[in-house]
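Remarks on the structure that follows.
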Amino acid sequence: MNLDFTPDERHFRAEVRDWLRTHVPKETRPDDGPEMLAFDKAWQRRQFEAGWAGIAWPKEYGGAGLSLMQQLIWFEEYALAGGPYLGCFFVALSHAGPTLIARGTDAQKAFYLPKILAGETPWCQGFSEPGSGSDLASLRCRAVIEDDHLVVNGQKIWTSLANWSKYQELLVRTDPNSRYKGITWVIGDMELPGVTIRPIKCMHGAADFCEVFYDDVRIPLKNVVGEVNDGWNVAMATLGFERGTAALAEQIEMSRVVEDLIDLAHDRPGPDGLRPAIQDDEFAARLATLRAEVAALRAMSYAAISRGQRDLVPGAEGTLIALYNTETMQRIFRTAADMMGPEMLDLEASPSRWTSQYLRSVMQTIAGGTSEIRRNIIGERVLGLPRGR
Amino acid sequence: MNLDFTPDERHFRAEVRDWLRTHVPKETRPDDGPEMLAFDKAWQRRQFEAGWAGIAWPKEYGGAGLSLMQQLIWFEEYALAGGPYLGCFFVALSHAGPTLIARGTDAQKAFYLPKILAGETPWCQGFSEPGSGSDLASLRCRAVIEDDHLVVNGQKIWTSLANWSKYQELLVRTDPNSRYKGITWVIGDMELPGVTIRPIKCMHGAADFCEVFYDDVRIPLKNVVGEVNDGWNVAMATLGFERGTAALAEQIEMSRVVEDLIDLAHDRPGPDGLRPAIQDDEFAARLATLRAEVAALRAMSYAAISRGQRDLVPGAEGTLIALYNTETMQRIFRTAADMMGPEMLDLEASPSRWTSQYLRSVMQTIAGGTSEIRRNIIGERVLGLPRGR
Amino acid sequence: MVDLLVSTEQQQIIDSVVDFLSVELPLARLRPDGNNRPDSALWPIMGELGWFMTSLTEAQGGLGLSAVEEALLFRQLGRHLLTPNVLASAIGARVAAAAGVDELAAAIASGQQPVALGNAVGRVSIGARISGRFHLFDAAGMPLLLLTDGVGNAALVATASLSLLPRPSAVDAMSLHEARLDAVAPLALAGPDLGAHVTLRLLAASMLAGVCEQTRDLATDYAKLRVQFGQPIGAFQAIKHKCADLALRADAVGHLVNFASIRVANRAEDAVFQATAAKLLGAQYALINAKETIQIHGGIGFTTECDAHHFLKRAHVYDLIGGGYRQQQRFLLEEPAPGEEPVA
Amino acid sequence: MVDLLVSTEQQQIIDSVVDFLSVELPLARLRPDGNNRPDSALWPIMGELGWFMTSLTEAQGGLGLSAVEEALLFRQLGRHLLTPNVLASAIGARVAAAAGVDELAAAIASGQQPVALGNAVGRVSIGARISGRFHLFDAAGMPLLLLTDGVGNAALVATASLSLLPRPSAVDAMSLHEARLDAVAPLALAGPDLGAHVTLRLLAASMLAGVCEQTRDLATDYAKLRVQFGQPIGAFQAIKHKCADLALRADAVGHLVNFASIRVANRAEDAVFQATAAKLLGAQYALINAKETIQIHGGIGFTTECDAHHFLKRAHVYDLIGGGYRQQQRFLLEEPAPGEEPVA
């Protein structure tokens, strides 16, 4: 067991720290709109030009080809420097690109990968459907082969940033008689005729997701990744790509929020209106436990990265981390909301917009996988408990 | 809606309060052993002689025949006077007797009921089995008819006070090919040849339960209550007998513990070793919420009694109360344990033996029905949610 | 006699309120595309329905009903997530009557003079001169403002005499303003004798009980309909047990509010205790119920196309008025434990 | 390089400890009919195995391993619910060595002079004269006593010089005594520089992590075996999700303890922070895990025929030593947040 970085790693950290603190955008990332898209593209372009695009991608595909340890350092420094959310390029960089690298044809790789790295083409994910939330394999958005095209009809939902994306990783039902073996993974172009996008407004006020409707959308067969009807395996192929480094950035951000809350608790009156909140033992108890929980989360991520470094097959530890991450985040922002007292009703009472973040945290145990499904996965895949009949 | 007692009810309360405060035993009820049995018999006998035996039993069977409102007053005053746990007569008075009244033959009633009221014959319950805890209908303790007897072989478990009981309400499997329709309810005599009793020591140090083994135990067929193979219905018949009045005594006892804790928190240092525990906001928060929860529990019981008074069919509200009761009790005693700090490890550090009560409270969400089964019942019978496939 | 169930007459009152609310104030009004009339427009109708005069005596021009019926009314208002200003009018009418300003009392009770709620932010001083910082909800078109503190002082002031700073509200279809008062003279003032703080706790608790009940119903209905993995999600224990807990909390708070409302109506010694207990438990349970209802709904639950999130947001509002649950916990511990029942 | 997994050598240490424990100190020893030898009889064997000299340097006669290996050892001791006195010997050896009493250090490290733990009850004073009230666990046959406070003072005293009052213990197979010290002189004394309080927190946290892991395993194994309603209870979501939470807590605490042990071994600036965080989280999670393990076992779970209840009771013991989780929370808030990683 070891937490000592080597001299090389320290040099690398120095380099990264320096570059990031100089180049991370000073302005806040816009919440929405064309300004947001422009911001994300410009930031990705800036990283690309400096050789930092595709942190985890192999060099042969234009990535930075960082080692796991370098990725870890990168994401830690990224968070400490206040690096913005990857936004419109998150799916492209962390999922779509790696899938193409793993299962795409040479032509697909050559065409799509450079445009991602250079900040030209944001991607979105088209997996979930209204009737297939937790039960993804029941998806029904259908595609039939006509000549050399797939003709897609149906609907997707919970697609982040669909309205700002150029491409989509799209799962469609190509064999209605099979559950897992009738799904195809295909690259969709969001500008094709027949694609309609409707943003969904969420409880914290922004439209984090979209619905996407497909009406006789014709996608060339050459856009299929892997084989027709083999999409489930393609989708699963990249589950192991992300070895836990990216989660670190979010976790460091969570530590920072906890520390901000502790600082604030020294300045702000507690529920009695007299003593500072930190002297309120109930808040103190919560804040101390949260401090310990974010420390544990970091240790869990380090352990997952350590597994990756030993080339161990990734198990379900990512599910444990995701569950803990989202539930800890909810506790953090609920504490923030409670500490604000009546001022939580005022969206701009805190410079950190904690009320919005609190409301947004309520979504975290649903979007991206519900806590219930995650507990099923842990029970069955980590602990080997039987499935119910 | 009303909480004003009538002049008659107030008179009754005065009478009951006076009698109970004069006659409730001054000494603490022994925890175990023949002293315990003697104590319970003497106390039941004392109530019998004063006309207070069988509070809820009809007068025609020798009971006190109290109205629901009088029962409520009785149990409130019983708890306030520090009346002891009914102990060895609990099953006899609250379950076995009422079952005989509802479904017994005249001969059974004439023989068994007076001995209960007079404090002569404690009863125990023989329902659960090692393989049939939550799933009672799967019970396997079998009985075959030979001449005019049932011959019983098998095992029961979680039988409270079996070692001090004269009789047992016993459920046996008389038809192995049917689940609900092959069960028979029969009166067992604990002194019959072939009955072996083994006390089970529990985590708080006492043997609250026993295992009972049956080896060719011959029980006369005339001891069957209801019909052979109709025992499930007989067992269910008395579910509605108890209209929530008895739970009140326990709830008032719980309020008293909360108030004791609040008193103690004024005198005892909190976790910092300096300020009184009540000034620790985390304890204060817990104690205040517990105060509210025991108040809510009382209101729920009053509502259940109100339903009884209107002769409404009892629903599953008893399950809601039982779930809330046991989980609130656990929170109360966990708070007591935490407030004691290191002294919780010393069984006699508190005059109220809170550590033992804390350990005992852990059992409450299992014994008498697990919280999981109770939540199933509430989900399915109160809310009408479907059963899983 | 103990009777903690609603009477036939009380049920009739409830039914008529529910009828009105489902037509005039359905939850759908809170949606982005909802037909959200300004509340002030509805005030005269609410006044006519008697909502603000329930507890006033007939001599005061009221209905002569008790806090019990009033709490039953407010539970329905909570189920429909009404603006907290309904509390301000109900209590404001009492304050005006207690201060002897009968015309004002009548104007408030009839809904002609709508009252907005001013909720203390931090410590405030309420007396012959009022100072402090307050949040106002849905203040547009509300000529009067009710201000209270934690120890029972309550005052009415003219909204026009204040400068209101608009603030971005976290709650859909509810506006927020801030007002800083510096030695403002009230139109009417009442002291702890009136028990405005107790009424506020009781009625807010009742609205929170309504939130607990409505979330239980919303979540349970959805769990019966939504199919995943080939069966309604309510068949899965994870969801079924969450629903059972929603029901348990709704039951506990609902009965406690009923109990408290009788104690308040009877001016019993434990009235403050019971109302405070109901408020703090109602708030904690409503917040969990609302959050779990969103979780049970899955993805749709956190969108503005589903009503679930309104319950979470408004549960926070109801919790915060008159002091959040952490403050109520301290208030409750300051009360003596309820005493023994009297005998003849 | 970040590596938070055990090395091959570390795994060998763990395996040999597990082999020893499962033969010599199986959980069954705690049962009413268990062959519960007095702990003191095992002390020389434990000493010979090097349990109390892991962190002593080779010059001090120790194994020259670090807090990392020591924490891994204590995690197994926690899984087997050993007496907290193992902590007292491991720390006592350090205190004697730091005080320059080398013979005593060697006698403790070898297990020849077993050390019992004295846990403060209320506020105590530890220095050249020691005063205060202490709880002693399993003190029979233990000639020495280790006393610590929350700020890093640690002392060894001779048990024979004290009058011990036997108390009824709430913990099976663990005796309890009380001692009141009034200006007692120590045999050896160490100040905050040694960081005895940090080691105590780290190793107690590791034992609590062991409780979290062992309860996860016990409960999961049972959930696979026990059949109700025609299938193993682990197939029901209510049980499956409880088991998943047991696993999550075990994972979180386990990795945090590993992280903290490295920081302590490196004498890093955040060593106190991490050890304290591990102790307070370990305690809270072990207490829930143990309680849920009893619940998952159903009826058998609360009997003395099942080992589940020992975990709850001993989790309380491990929590309370060196100050319970409520105190650790305050200690943690007094620490600065961990700083940035250094660069070259």
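Every chain is numbered from 1, with letters handed out A, B, ... down the list of sequences.
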ask   = Which answer fits B/Arg13, side chain, backbone, both or neither, if we ask what part of it has an atom under 4.5 Å from a heavy atom of chain C?
value = both

message = By the ring pair (Phe, Tyr, Trp, His ring centres under 6.0 Å) test, which pairs, at least two apart or in different chains, include something from residues 270-298 of chain C?
response = C/Tyr222-C/His297

inquiry  = On a heavy-atom basis, which atom in B/Arg387 and which in C/Gln231 lie closest, and how many Å separate them?
reply    = O-OE1, 4.4 Å

query = Looking at C/Arg330, C/Arg249, C/Arg326, which has the largest count of heavy-atom pairs under 4.5 Å with chain B?
reply = C/Arg330

ask   = Between B/Arg291 and C/Glu335, does at least one N-O distance fall below 4.0 Å, as a salt bridge requires?
value = no

request  = Can you check whether anything in residues 255-265 of chain C gets within less than 4.5 Å of chain B, heavy-atom wise, and list it by number?
outcome  = C/His255, C/Leu256, C/Asn258, C/Phe259, C/Ile262, C/Arg263

request  = Give, as side chain, backbone, both or neither, the part of B/Glu372 having an atom under 4.5 angstrom from any heavy atom of chain C.
outcome  = both

message = Sort by residue number and list every residue of residues 201-218 of chain C having at least one heavy atom under 4.5 Å from chain B.
response = C/Arg216

message = Check this for me: C/Glu269, atom CD, are more than 12 non-hydrogen atoms of other residues, nucleotides or ligands nearer than 6.0 Å?
response = no

message = If you compare all heavy atoms of C/Leu332 against all heavy atoms of B/Ala288, which two are closest, and at what distance to 0.1 Å?
response = CD2-O, 3.4 Å

task = Under 4.5 Å heavy-atom distance to chain C, tell me which part of B/Leu3 shows up: side chain, backbone, both or neither.
result = both

message = Need one label for C/Glu69: side chain, backbone, both or neither, based on atoms under 4.5 Å from any heavy atom in chain B.
response = neither

ask   = OG of B/Ser67 to CE of C/Met1: how many Å apart, nearest 0.5 Å?
value = 10.5 Å

ask   = Which region of C/Asp221, side chain (C-beta onward) or backbone (N, CA, C, O), has a non-hydrogen atom less than 4.5 Å from a non-hydrogen atom of chain B, or is it both or neither?
value = neither

key: Under 4.5 Å from any heavy atom of chain B - which part of C/Gln328   = neither

query = salt bridge (Lys or Arg N to Asp or Glu O under 4.0 Å) between C/Glu340 and B/Arg21: does it pass, once the steps are laid out?
reply = CA-CA 14 Å; C/Glu340 293 178 357; B/Arg21 298 198 179 180; 3.2 Å; yes

remark   = Note: vs chain B, highest number of non-hydrogen pairs under 4.5 angstrom among C/Pro338, C/Ala278, C/Pro342 is C/Pro342

key: Region of C/Leu72 that comes under 4.5 Å of a non-hydrogen atom in chain B   = side chain

Residues of residues 278-287 of chain B near chain C, each having a heavy atom less than 4.5 Å away = B/Ile278, B/Gln279, B/Asp280, B/Asp281, B/Ala284, B/Ala285, B/Leu287

key: Closest heavy-atom pair and its distance - B/Gly379, C/Ala244   = N-CB, 4.2 Å

Contact winner vs chain C - B/Thr289, B/Thr6, B/Ile262, heavy-atom pairs under 4.5 Å = B/Thr289

task = Identify which of C/Val68, C/Leu246, C/Asp251 forms the greatest number of heavy-atom pairs closer than 4.5 Å to chain B.
result = C/Asp251

ask   = What part of C/Leu280 is in contact with chain B, defined as an atom under 4.5 angstrom from a non-hydrogen atom: side chain, backbone, both or neither?
value = side chain

remark   = So, the part of B/Met300 with a heavy atom under 4.5 Å from chain C: the answer is both

note = Ranked by heavy-atom pairs below 4.5 Å to chain B, first place among C/Glu341, C/Lys279, C/Gln274, C/Gln284 goes to C/Glu341

request  = Measure distances from B/Arg310 to the heavy atoms of chain C and classify the residue's part below 4.5 Å as side chain, backbone, both or neither.
outcome  = side chain

key: Heavy-atom closest contact (C/Ala252 atom, B/Ala296 atom, distance)   = O-CB, 3.7 Å

remark   = Pair count under 4.5 Å, heavy atoms only, with chain C: among B/Glu293, B/Arg10, B/Glu76, B/Glu9, highest is B/Arg10

task = Determine whether C/Asp3 and B/Gln309 make a side-chain contact, defined as any pair of heavy atoms from C-beta on separated by less than 4.5 Å.
result = no

task = Go through the atoms of C/Val2 and report whether side chain, backbone, both or neither lie under 4.5 Å from a heavy atom of chain B.
result = both

Side-chain donor-acceptor contact under 3.5 Å, C/Gln237 with B/Asn376 = yes

key: Pick from C/Ala247, C/Gly254, C/Pro232, C/Ala223 with the largest number of heavy-atom pairs that fall under 4.5 Å of chain B   = C/Ala247

query = Between atom OG of C/Ser66 and atom CE of B/Met1, what is the distance when rounded to the nearest 0.5 Å?
reply = 8.5 Å

query = What distance do B/Arg298 atom CZ and C/Leu4 atom CG have between them, rounded to the nearest 0.5 Å?
reply = 10.5 Å

query = Say you draw a straight line from CG of C/Asp245 to CZ of B/Arg375; how long is it, rounded to the nearest 0.5 Å?
reply = 4.0 Å

remark   = Under 4.5 Å to a heavy atom of chain C? For B/Leu320 that would be both

task = Using modelled atom types only, decide if a donor and an acceptor are shared between the side chain of C/Lys224 and the backbone of B/Leu383 within a distance under 3.5 Å.
result = yes

Separation of C/Cys243 SG from B/Ile378 CD1 (nearest 0.5 Å) = 11.5 Å

